[in-house]
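If you scroll down you'll find the structure; I have some questions about it.
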Amino acid sequence: MIWKALIRRGSLWLLAVILLAGGNPGWAVTGIDQRVFRVLSQAQELADQEQYSQALATLDSMKDSRLSGYERAQKLNVRAYIQTRQENYRGAIGSYQQLLGIARLPDGLVKNALRMLVQLNMAESEYPAALRYTDRLLALDKVPDPAVLGMKAMCHYQLEELGAALTTVQRAIELELGAGRTPAESWYLLENAIYHGREQYREMPRVLRTLIAQYPKDRYVYTLATVYGQLDRSREQLLLLEPLYESGYITEENQLAHLASLFMAHDVPEKGARLLERGMKNGSIEKSVRRLDQLGQAWLLAREPHRAIEPLTRAAAQSDSGELFVRVAQVHINLAQWQPAERALKRALAADRLRNRGNALLLLGMSQYNQGHLDDAIGTFEAARKIDAVSVNSANWLDFLRRERQLAER
């Protein structure tokens with residue numbers, strides 16, 4: 001968890017402030033005795049060795065009644081450090097609160113205790129308390145600390161106070177940029193999350209482009225592409241996704257199929273077809289009815305009908321509906337392949353579910369006629385004439401075929 005890392009780093013930094021004074025003859029500046037300093041150092045070393053009970057016992061060997069206020073504050077500071085190492089955050093919070101109850105402490109010690117209280121309360125999901133400590137921190141400086149503003153913004157976000165969170169994190173970013181520094185990655189992520197939570201999708205590309213420029217990562221590029229999709233900016237989405245695919249970042253079936261659809265929608269269907277074929281070959285795309293049908297459609301759009309027949313036929317064979325066999329037949333008919341068209345149509349008519357049975361019979365009759373099978377074609381059109389939707393068309397075909405048969409007989 002991110003807050004544990006921040007807590008650990010903050011505790012170590014705070015303790016380093018104490019220990020760096022070792023060997024400095026100016027003890028009178030801080031009012032800490034060398035004997036007290038040695039005990040504090042020993043307790044810290046024991047904590048670093050994960051000997052927490054011994055570390056706390058070492059601290060307790062010093063009686064508070066014999067310590068100055070500053071020394072008691074440093075004892076509480078080290079105790080909080082040990083408790084943090086133990087992940088006893090409640091105990092650490094109590095120690096820091098006691099520390100803040102001691103009068104006339106140096107500003108640095110107070111600020112760091114407050115900072116740790118913010119982080120510890122966030123780790124415990126006590127966001128209202130964390131917010132109060134951020135306000136106390138901010139009141140100590142004339143110019144707000146951007147890092148504190150960043151933590152405050154996160155507290156507002158966790159409390160679903162999105163307006164306050166957005167204003168605060170943008171202020172943190174503004175101050176950091178004004179100081180000539182790069183704002184934290186987490187601040188931009190928070191700003192982006194707030195816009196997403198408020199469904200302000202049009203604001204998200206700006207933040208994501210900044211993230212990509214400052215902290216270039218493939219996942220941010222993919223997120224920006226997803227946002228472009230939500231905004232119906234599919235061409236920009238395609239321009240981002242294609243290089244991600246070429247670099248191997250896009251590997252999941254739904255992502256690959258979506259990219260193939262974008263290729264098809266933007267007049268490069270052959271790329272979509274090859275992507276689908278490659279995915280089926282390496283196993284990243286399942287050879288399901290849906291995907292085989294998509295592959296067939298891609299080849300049709302690429303004006304490669306011969307290459308569309310095989311995936312469409314496989315899709316039709318897996319489907320419990322006859323619709324796909326009708327589509328296979330239509331491809332064969334467009335190629336004047338009458339016999340395979342007839343086979344496909346008979347399989348379509350044999351299926352349990354077929355939305356437009358009359359149309360399938362018309363196509364079957366045409367296929368039989370073009371093979372010279374007049375009697376079969378007449379029988380098919382007679383069956384079709386019983387279906388209202390195609391009865392007139394079927395009757396016209398029957399009249400034509402009977403005249404053809406009479407001419408043939410003469």
Side-chain angles (χ1 to χ4, degrees), residues 260-261 263-265 267-274 276-277 280 287-410:
S261 297
F263 281 132
M264 294 162 67
D267 302 322
V268 279
E270 184 177 350
K271 284 188 175 183
R274 296 191 183 282
L276 291 166
E277 283 189 340
M280 291 179 186
K287 296 176 182 178
S288 63
V289 172
R290 183 180 180 185
R291 299 306 176 212
L292 287 166
D293 181 36
Q294 185 181 12
L295 174 57
Q297 293 305 313
W299 282 125
L300 288 175
L301 287 172
R303 299 181 182 179
E304 297 273 6
H306 292 86
R307 303 186 72 166
I309 290 172
E310 191 268 340
L312 287 176
T313 302
R314 292 177 65 183
Q318 293 181 42
S319 174
D320 58 357
S321 166
E323 301 298 332
L324 285 176
F325 274 117
V326 174
R327 287 167 58 186
V328 171
Q330 288 172 328
V331 178
H332 284 302
I333 288 170
N334 290 336
L335 295 170
Q337 296 174 346
W338 306 110
Q339 188 176 35
E342 181 181 3
R343 287 197 300 267
L345 287 163
K346 285 181 176 179
R347 293 187 69 174
L349 290 162
D352 293 333
R353 291 189 299 154
L354 189 62
R355 287 195 302 270
N356 196 336
R357 190 173 186 83
N359 182 61
L361 286 167
L362 287 179
L363 293 174
L364 176 58
M366 291 168 56
S367 301
Q368 291 167 333
Y369 163 72
N370 280 285
Q371 295 177 76
H373 303 159
L374 293 183
D375 291 341
D376 291 342
I378 289 171
T380 300
F381 284 120
E382 284 178 343
R385 189 172 58 177
K386 298 174 184 177
I387 300 174
D388 291 342
V390 295
S391 60
V392 174
N393 205 348
S394 302
N396 292 335
W397 267 100
L398 283 169
D399 290 342
F400 167 73
L401 291 176
R402 283 167 181 155
R403 287 195 300 270
E404 286 284 302
R405 185 164 62 180
Q406 290 173 357
L407 287 172
E409 289 172 352
R410 291 174 186 173

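When reading the values below, keep in mind they use all heavy atoms of this one structure, side chains included, and skip hydrogens, waters and symmetry mates. Positions are given from 1 along the sequence.
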Pairwise side-chain contact, E323 with N356, heavy-atom cut-off 4.5 Å (strictly under): no
Which residues share a side-chain hydrogen bond (donor to acceptor under 3.5 Å, both in side chains) with E304, sequence neighbours left out: none
R307: salt bridge (Lys or Arg N to Asp or Glu O under 4.0 Å) partners, not counting sequence neighbours: E277
Side chain to side chain contact (heavy atoms under 4.5 Å, CB included) involving S319 - partner list, sequence neighbours excluded: V289, S321, L324
Minimal non-hydrogen separation, V326 against A360, with atom names: CG2-CB, 4.3 Å
With heavy-atom distances below 4.5 Å as the criterion, would you say the side chains of N393 and L362 are in contact? yes
Is there a donor-acceptor contact under 3.5 Å linking the side chains of E342 and Q371? yes
Report the residues that fulfil side chain to side chain contact (heavy atoms under 4.5 Å, CB included) with A351, sequence neighbours left out, ordered by chain and then residue number. none
Side-chain touch L364/L349, heavy atoms, less than 4.5 angstrom: yes
One should read off an interatomic distance between L398 CG and R403 CZ, to the nearest 0.5 angstrom, of 11.0 Å
Please report the shortest heavy-atom distance between G358 and V390, naming the atom on each side. CA-CG2, 3.7 Å
Roughly how far, to the nearest 0.5 Å, is the CG atom of L295 from the CG atom of L300? 9.5 Å
Can you confirm whether Q318 is buried at CD, in the sense that more than 12 heavy atoms of other residues, nucleotides or ligands lie under 6.0 Å from that atom? yes
Under the side chain to side chain contact (heavy atoms under 4.5 Å, CB included) test, residues paired with D376 that sit two or more places apart: Q368, H373
Applying salt bridge (Lys or Arg N to Asp or Glu O under 4.0 Å) to R314 and not counting sequence neighbours gives E310
Acceptor/donor pairs from residues 331-338 side chains to any protein atom, 3.5 angstrom cut, sequence neighbours excluded:
residue: H332; atom: ND1; partner: Q337; partner atom: OE1; Å: 2.6
residue: N334; atom: ND2; partner: Q330; partner atom: O; Å: 3.2
residue: W338; atom: NE1; partner: A336; partner atom: O; Å: 3.4

Under the rule for side-chain hydrogen bond (donor to acceptor under 3.5 Å, both in side chains), what residues qualify as partners of R402, not counting sequence neighbours? E382
Test ring-ring contact (aromatic ring centres under 6.0 Å, His included) applied to F381 - qualifying residues, sequence neighbours left out: W397
Once side chain to side chain contact (heavy atoms under 4.5 Å, CB included) is applied, do any residues pair with E270, and if so which ones, sequence neighbours excluded? R274, W299, A302
Can you name the closest pair of heavy atoms from R385 and S391 and give their distance? O-CB, 3.2 Å
Please identify each residue that fulfils side-chain hydrogen bond (donor to acceptor under 3.5 Å, both in side chains) with D388, with sequence neighbours left out. none
For L292 against A315, the heavy-atom pair lying closest together: CB-CB, 3.7 Å
Side-chain heavy atoms of F325 within contact of L345, under 4.5 Å: no
Can you name the nearest heavy-atom pair linking G322 to L354, along with the distance? C-CD1, 3.7 Å
For D293, side-chain hydrogen bond (donor to acceptor under 3.5 Å, both in side chains) partners two or more places apart: R327
Might you point out which heavy atoms bring A341 and S367 nearest each other, and give the distance in Å? CB-OG, 3.7 Å
